[in-house]
Asker: 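Take this structure, written in structure tokens, and hold onto it; I'll ask about it next.
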Amino acid sequence: MPFALSDELERELERIRARYPNAMAACIPTLHLCQDANHGWVSDEVIQFVATRLGLSPAHVKGVVTFYSLFNEERPGKHQVWVCRTLSCALRGSGSLLEHCEKKLGIRSGETTKDGKITLRTAECLASCGSGPVMQVDKTYHEGLTPARVDEILDRLLAD
Amino acid sequence: MIKRTEYLSKNYGKPEGWSLATYEAGGGYKSAKKALGMSREAVVEEMKKAHIRGRGGAGFDAGTKWSFMPKESKKPHYLVVNADEGEPGTFKDRTIMEQNPHALVEGCVIGCRGIGANAAYIFVRDELHLAKARLWGAIEEARAKGYLGARPFGVDYPVEVYVHTGAGAYICGEETALLNSLEGRRGEPRLKPPFPAQVGAFGCPTTVNNVETIAIAPTVFELGGDAFSQLSELHPLNDGGVRLFGVSGHVERPGIYECAVGLTLRELIYELGGGILGGRELLAVIPGGSSCPVHRADEIVSLPKDDRFAPWQGKSLLDLPLGVDTFRSAGSMLGTCCAIVLSDAVDPVLATHNLIKFYKHESCGQCTPCREGCGWIERILDKVVHGTATLDELDQITEIASNITGNTICAFGDGAAQPMLSFVSKFRPAFEDYVRTGGKSQTRTLEA
């Protein structure tokens with residue numbers, strides 16, 4: 001089925017487009033808008049939609065999608081969890097924290113729970129080095145984490 | 001010398017500290033109004049007097065950079081703010097955007113005036129959703145008050161500020177990769193020349209500045225450039241003013257501390273940072289983001305031929321003031337001034353392994369030495385930590401890293417090579433222990 005945006009999001013697309021001197025510059029923000037409206041991933045239909053609306057080739061849009069790590073080419077779980085693994089967080093225990101998450105969810109980093117609730121990944125430096133270990137849950141940061149706090153967060157996501 | 005200041009961080013942590021009301025109560029937006037009443041040349045001259053060394057890590061003088069913009073051109077000019085903060089260990093710009101967004105918006109007005117631009121794009125990495133929301137909120141508040149738009153403060157000089165979002169790529173912190181990304185392309189760095197001041201965003205003259213560089217501009221116009229510069233102990237070295245210092249890793253009080261330039265690593269780690277976590281000893285410190293060389297706790301300053309460094313000659317590197325030229329001369333790099341502290345609980349081999357994974361993941365793949373080199377070093381380090389590498393392969397790490405350096409389009413390659421070269425040479429016995437015994441004498445952990 002072809003991808004489409006709601007009227008409200010169509011207006012948002014117009015607002016995005018108006019910020020730039022040309023349509024191509026709207027490519028990345030438009031992809032974010034569409035990904036959020038498409039269960040968190042960029043399907044071929046989304047690529048076609050963005051290409052048509054911005055007057056770009058689908059090949060260009062696909063090239064952009066594959067370059068950036070935050071565009072999903074497969075549908076992720078309902079919630080996305082990233083544990084920062086880079087040095088400052090690692091010094092504050094992110095390695096143990098990731099193991100804790102993997103054990104609790106019964107999946108490895110990069111995988112999604114069987115019920116489709118959570119996709120677990122590692123992140124490269126989230127710019128929160130002074131409050132590690134850190135994880136990002138969808139669009140929110142959780143900082144200075146302990147295993148108990150992580151359990152609380154993950155339980156809430158699993159129950160959602 | 002520790003000289004705490006509060007020009008940027010005054011309202012950090014306060015309720016509604018990010019609002020226009022709070023910002024204006026502290027005198028906010030007077031500098032933008034003042035700058036719009038000055039000629040473009042006068043704005044640049046004031047900025048030059050401030051001796052702000054670019055806060056993104058390269059340390060180039062901000063006023064001089066503004067002066068590179070063409071005096072007259074038929075094309076529009078753009079100010080692009082690099083808010084793609086992602087250098088491991090660096091977390092200062094995020095605090096400005098989240099807790100003092102109006103300083104950045106006001107700085108954009110001043111910056112636009114200085115470079116002859118009517119539009120500024122703030123390129124924020126996608127993950128920083130709160131920062132983006134706070135910036136958009138600040139822009140709306142400022143626009144509603146008539147500080148942005150067609151006639152800011154009633155002056156016939158239009159200024160628009162937009163927030164642009166990235167999509168997860170450390171390389172977009174490189175200014176030309178950032179410009180490609182802003183234009184809706186893959187974030188691959190461009191060849192220079194042409195430099196952005198000639199051909200930048202959308203083919204037009206563009207200045208790319210770090211968040212902190214722009215956010216401190218209102219303070220420069222409040223105090224006057226010269227007075228601002230003189231706040232710094234390194235004013236005689238043209239390294240002026242105040243900046244945000246960060247400390248993370250194994251210290252008791254990690255965080256961001258605003259101080260006059262002139263602070264030392266020892267003060268940052270032991271006084272502001274509260275000392276080494278758990279009362280342990282310092283093993284090493286990376287001074288300003290992971291792309292800087294690592295330094296052992298026992299390193300000294302050895303610059304006998306440079307009189308400017310006579311006061312610190314033979315002293316511990318931890319007592320050398322954190323400045324762009326002081327650290328460059330000492331064979332290091334100041335970078336973003338956000339130090340990563342490693343206590344003696346840390347296994348330096350595992351720290352190196354952790355860092356190469358970052359660079360391997362983030363290399364954009366455009367240049368062969370970087371793309372293949374980072375992967376090759378990662379594979380060798382995988383073997384090292386599993387105890388299956390040879391001594392020859394340790395030498396290979398140095399050889400590969402040396403061959404990345406200087407052979408790539410952008411500075412990412414050098415940034416990946418520096419930590420590899422310095423860790424392997426400064427902690428050689430630990431690497432050899434992994435080769436010989438599988439690391440039996442090492443702590444085999446990163447955690448304190």
Side-chain angles (χ1 to χ4, degrees), chain A residues 16 18-33 35 42 50 54 56 60-72 82 84-97 122-134 136 138-141 143-144, chain B residues 76 85-94 119 121 125-130 160 162 164-170 172 181-188 201-202 204 246-250 254-256 277 286 290 338 340-343 346 350-351 354-355 357-358 361-362 364 445-448:
Chain A
I16 291 171
R19 288 174 203 154
Y20 304 99
N22 66 35
M24 189 191 281
C27 184
I28 290 172
T30 304
L31 278 166
H32 279 301
L33 183 78
Q35 175 167 269
V42 179
V50 173
L54 298 179
L56 305 169
H60 176 90
V61 180
K62 179 95 178 173
V64 169
V65 169
T66 56
F67 185 84
Y68 297 95
S69 59
L70 293 174
F71 291 131
N72 295 314
W82 291 268
C84 176
R85 59 149 292 277
T86 319
L87 190 55
S88 293
C89 277
L91 295 171
R92 303 296 290 212
S94 69
S96 309
L97 197 77
T122 54
E124 297 298 343
C125 195
L126 290 172
S128 184
C129 315
S131 33
V134 179
Q136 185 185 347
D138 299 323
K139 296 188 174 182
T140 308
Y141 276 25
E143 303 171 294
Chain B
E85 186 165 63
E87 171 84 11
T90 305
F91 54 107
K92 65 186 182 65
D93 295 337
R94 190 180 145 224
Y121 290 97
R125 65 182 289 186
D126 184 52
E127 293 90 332
L128 301 182
H129 295 283
L130 180 60
E160 298 290 352
Y162 305 101
H164 178 85
T165 179
Y170 165 73
C172 292
S181 189
L182 173 64
E183 291 182 7
R185 306 170 195 274
R186 293 163 70 88
E188 289 164 344
F202 313 111
C204 300
V247 59
S248 69
H250 291 159
I256 295 293
L277 197 64
I286 306 175
S290 68
C338 288
I340 307 175
V341 176
L342 284 64
S343 79
V346 173
L350 296 187
N354 180 287
L355 288 176
K357 283 177 180 293
F358 171 81
H361 187 269
E362 299 300 331
C364 83
T445 181
L446 289 173
E447 300 179 12

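If you're wondering where the values come from, they're calculated on a predicted model, not measured in any experiment. Reminder, nothing fancy here: chain letters follow the sequence lines and each chain counts from 1.
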Asker: Heavy-atom cut-off 4.5 Å, strictly under: side chain, backbone, both or neither for Ile286(B) against chain A?
Answerer: side chain

Asker: Contact part of Tyr170(B) toward chain A, heavy-atom cut-off under 4.5 Å: side chain, backbone, both or neither?
Answerer: neither

Asker: With a 4.5 angstrom heavy-atom cut-off, which part of Lys357(B) approaches chain A: side chain, backbone, both or neither?
Answerer: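 Contact with chain A is through both the backbone and side chain of Lys357(B).
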
Asker: What I'd like to find out is whether the side chain of Tyr68(A) reaches to under 4.5 Å of the side chain of Cys172(B), using heavy atoms alone.
Answerer: yes

Asker: Using the side-chain contact (heavy atoms from CB on, under 4.5 Å) rule, take His129(B) and Asp138(A) through it: C-alpha gap first, then chi angles, then the decisive distance, then the call.
Answerer: CA-CA 10 Å; His129(B) 295 283; Asp138(A) 299 323; over 6 Å; no

Asker: Given a strict heavy-atom distance threshold of 4.5 Å, which part of Leu130(B) is in contact with chain A: side chain, backbone, both, or neither?
Answerer: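 Neither; nothing under 4.5 Å.
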
Asker: Please classify the contact of Ser181(B) with chain A as side chain, backbone, both or neither, using a heavy-atom distance under 4.5 Å.
Answerer: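 Interface part for Ser181(B): both.
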
Asker: Any side-chain heavy atom of Phe67(A) sitting closer than 4.5 Å to one from Cys364(B)?
Answerer: yes

Asker: Counting only heavy atoms closer than 4.5 Å, note whether Phe202(B) contacts chain A via side chain, backbone, both or neither.
Answerer: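 When you check distances to chain A, only side chain atoms of Phe202(B) fall under 4.5 Å.
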
Asker: Counting only heavy atoms closer than 4.5 Å, note whether Glu87(B) contacts chain A via side chain, backbone, both or neither.
Answerer: backbone

Asker: If only atom types and distance count, is the side chain of His164(B) paired as donor or acceptor with the main-chain N or O of Arg19(A) below 3.5 Å?
Answerer: no

Asker: Do Thr66(A) and Arg186(B) make a side-chain contact, defined as non-hydrogen atoms from C-beta onward lying under 4.5 Å apart?
Answerer: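 Yes, close enough: below the 4.5 Å cut-off.
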
Asker: Taking the six-membered ring for Trp, are Tyr162(B) and Tyr20(A) ring centroids under 6.0 Å apart?
Answerer: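 For Tyr162(B) and Tyr20(A), the ring centres are not under 6.0 Å apart.
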
Asker: At their closest point, which heavy atom of Ala127(A) faces which heavy atom of Phe91(B), and how far apart are they?
Answerer: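 Shortest heavy-atom separation between Ala127(A) and Phe91(B) comes out as O-CB, 3.4 Å.
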
Asker: Could you state the interatomic distance from CG (Leu91(A)) to NE2 (His250(B)), rounded to the nearest 0.5 Å?
Answerer: 4.5 Å

Asker: Chain A heavy atoms under 4.5 Å from Leu277(B): which part of the residue, side chain, backbone, both or neither?
Answerer: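 Just its side chain gets close to chain A.
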
